[in-house]
Amino acid sequence: MIVRTRFAPSPTGFLHIGGARTALFAWAYARRHGGQFILRIEDTDVERSTPEAVQAILDGMQWLGLNFDEGPFYQMQRMDRYKQVISAMLAAGTAYYCYTSREELDALRADQEAKKEKPRYDGRWRPGVGKILPPAPANVPPVVRFRNPTDGVVAWDDQVKGRIEFANSELDDFIIARADGTPTYNFCVVVDDWDMAISHVIRGDDHVNNTPRQINLLRALGAPVPRYAHLSMILGDDGQKLSKRHGAVSVMQYDEDGYLPEAVLNYLARLGWSHGDEEVFSMEQFTQWFDLDHITASAAQFNTEKLNWLNAHYIKAADPERLALEVKRRLATQGVSTADGPDVALVAALYRDRAGNLNELADAVHPFYAVVHASEEVRVQHLTDTARNALKLLRGRLTECVWQATELGQLVKQTAADSGLKMPQVAIPLRVALLGLPQSPAIDAVLEVFGRERVLERLDAALAG
RNA sequence: GUCCCUAUCGUCUAGAGGCCUAGGACAACACCCUUUCACGGUGUGAACCGGGGUUCGAAUCCCCGUGGGGACGCCA
């Protein structure tokens, strides 16, 4: 069997973390089996779909590197096909016109709710042997309903949840085409999955209840039934359902917040799926390991701390040149140019072990390219008279020496000794003088990367102040 | 209300009847490293929702309860 999976978002908002994981799993499954991954935009809700949302989804997919082999397909461009199938169903008697108005439907629902029954269509326009239908009302444009089987059960072996069964008596004759003729979701999905030869439908858990309807539809059409895998949802950090107020943010927000895509991907891969004790792995590994058998059936809570840890891990391992690009991009938005300073990759390499995210990295690197004045408190505490004297002594020695870390470190150490001070008593004031901060990576490395000229410049400015 | 799904450390999870005195990771805590701040290293504490079965034996299978989630649209 050729594996063909799809990701089918509706463009009513950005690509959020839940959608991203669904896309990731569907993508990985196709990759794992040498199949195809298809992107399909479900834009039949004309009211809420926007081109901006389509773009946002595409951007999110691209940032994550979830490349698709076919698509994007747009359902709005497939209207002719849907209408053709609907006519065929009408002709075959597997679908029928229903003239029940929205008002009547509301009344029916209210009545059923009052009786504590499950609200559903009562089949009043469903044709039946020996059943006399009322005359079609003149000015009511009809909807088209699917003639769902009335008895028996629909069942499937869900690849993550196991066997699921629904009694047909629980299902009603749902609408497949609106009064204006446009097809509805459950219908479009079925026709698309059929036409696109989707072998595995990997999607959110919220679609479990749609599955029996879709299977019935597929059968009525004589189409093959794909395999289904329903992923349980992702809860927010606080255990609450994800919503706009609770962390359902765009994946692009993670870019903005300084996350590396591979960290987000790795985190998402482990949220609801596992491969023994493996925690840190590349997408190459993931696509070799991924399977549907090891997906958790229950909902998972998002844990920002673990994501942060992974992000820091990937930053430590990242190529300094790449880090430099990210840092420059971020500094540029703050109006800071790195053109006149030391090589950004060298500075980034100095700081990558201690940055939690790319924004922190950019902030740490910042003082190398723009004078950052130490706070009054820091100056008073560290730039004492004894410290200043030591720095003056050091300054003199710095003009002549070999500009190399080990050498520079020795010099600082020697200066401390000559001034009757301990190493930190010179190193810390030196950090304050150079970077405006009492902490930095090893002072010898900082000096080396910073360069003689700039070091002397900053030292002079600090000693003059 | 009805239907469907689900339940192992605070969190993500390993676990397919004996390998479980329940493993790993994040977080927490302690110690070590150290030129500051970090990184890192080592170690500690921390869980099978409750009740019934089945079985020689259950975290694992079944039933009930409880908790959590989803669905019940001319939304997707």
Side-chain angles (χ1 to χ4, degrees), chain A residues 8-12 42-45 47-49 75 98 100-102 105-106 109 112-121 141-145 158 160-162 164-167 169-172 174-186 188-189 204-212 230 232-233 235 237 239 241 267 270-280 293-294 296-310 312 316 351-356 364 382 409 412-413 416 422-432 437-444:
Chain A
S10 61
T12 53
E42 308 213 324
D43 54 357
T44 51
D45 184 355
E47 303 278 304
R48 295 192 298 158
S49 298
Q75 290 187 323
C98 167
T100 312
S101 68
R102 289 171 196 260
L105 246 23
D106 288 344
R109 218 182 331 264
Q112 288 165 330
E113 275 168 19
K115 288 192 207 147
K116 308 243 183 223
E117 288 168 7
K118 186 173 184 167
R120 79 239 282 185
Y121 176 65
V143 299
V144 179
R145 285 185 185 270
D158 197 274
V160 353
K161 291 178 185 292
I164 300 180
E165 287 190 1
F166 278 84
S169 57
E170 286 296 326
L171 273 23
D172 65 357
F174 59 98
I175 293 171
I176 60 175
R178 303 180 179 94
D180 66 3
T182 59
T184 59
Y185 169 75
N186 278 119
C188 297
V189 167
D205 186 308
D206 48 336
H207 289 290
V208 167
N209 295 272
N210 290 323
T211 306
H230 287 99
S232 49
M233 64 185 304
L235 270 24
D237 234 334
K241 185 188 169 183
Y267 178 73
R270 274 293 284 105
L271 197 59
W273 175 85
S274 61
H275 183 75
D277 288 339
E278 300 291 346
E279 293 287 348
V280 181
D293 298 339
H294 293 85
T296 314
S298 56
Q301 191 169 317
F302 193 88
N303 185 218
T304 307
E305 310 235 289
K306 189 160 178 183
L307 203 213
N308 288 345
W309 171 76
L310 271 167
K316 284 186 199 93
Y351 281 89
R352 65 176 172 172
D353 281 351
R354 57 191 63 216
H382 298 288
V412 177
K413 216 168 265 180
K422 296 200 169 165
M423 182 68 171
Q425 293 177 289
V426 178
I428 295 178
L430 183 53
R431 290 183 168 96
V432 172
L437 294 167
Q439 305 95 32
S440 83
I443 193 65
D444 51 357

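Heavy-atom basis, side chains included; hydrogens, waters and symmetry copies ignored. Here the structure is a predicted model, which is why all the values come from computation and not from measurement. The chains referred to below are lettered A, B, ... by the order of the sequence lines, with proteins before strands, and numbering in each begins at 1.
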Scan [X] against the nucleic acid and name what it touches under 4.0 Å (heavy atoms): base, sugar-phosphate only, or nothing.
X      : value
A:N209 : base
A:T44  : sugar-phosphate
A:H230 : nothing
A:V143 : base
A:D444 : base
A:K422 : nothing
A:R109 : sugar-phosphate
A:P441 : base
A:K118 : base
A:D43  : nothing
A:Q112 : nothing
A:M233 : sugar-phosphate
A:S169 : nothing
A:A179 : base

Summarise protein proximity over nucleotides 10-20 of chain B in one line of letters, 5' to 3': B for base, S for sugar-phosphate only, - for none, counting protein heavy atoms closer than 4.0 Å.
-SBSSS-----

Strictly by Watson-Crick or wobble contacts shorter than 3.5 Å, is anything paired with [N], and which nucleotide is it?
N     : result
B:C49 : B:G65
B:C20 : none
B:C33 : none
B:C72 : B:G1
B:C26 : B:G10

Considering all heavy atoms of both residues, which atom of A:D172 and which atom of A:Y121 are nearest to each other, and what is their separation?
OD2-N, 2.8 Å

Which heavy atom in A:R145 sits nearest to a heavy atom in A:L105, and how many Å separate them?
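Closest heavy-atom pair between A:R145 and A:L105: NH2-CD2, 3.7 Å.
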
Assign each of A:D180 and A:K161 the nucleotide of RNA chain B bearing its closest heavy atom; nearer the 5' end lies the nucleotide of A:K161

Please tell me which of A:N186 and A:E165 maps to the more 5' nucleotide of RNA chain B, matching each residue to the nucleotide holding its nearest heavy atom.
A:E165

Can you list everything that forms a side-chain hydrogen bond (donor to acceptor under 3.5 Å, both in side chains) with [X]? Sequence neighbours excluded, please.
X      : value
A:D43  : none
A:R270 : A:E279
A:H382 : none

Quick one: salt bridge (charged side-chain N to carboxylate O under 4.0 Å, His left out) partners of A:D444, sequence neighbours excluded?
none

C1' atom, B:U35 versus B:A22: distance in rounded Å?
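Taking atom C1' in both B:U35 and B:A22, they lie 44 Å apart.
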
Is the base of B:C39 syn or anti, where syn means the angle lies within 90° of 0?
syn

Less than 3.5 Å between a donor and an acceptor, one on the side chain of A:R354 and one on the base of B:C37, is that the case here?
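Per atom types, the contact qualifies.
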
Could you pull out the protein-nucleic contacts involving nucleotides 64-66 of chain B (nitrogen or oxygen on both sides, under 3.5 Å)?
none

Are there over 12 heavy-atom neighbours, none belonging to A:K422, within less than 6.0 Å of that residue's NZ?
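Check fails, neighbour count at 12 or below.
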
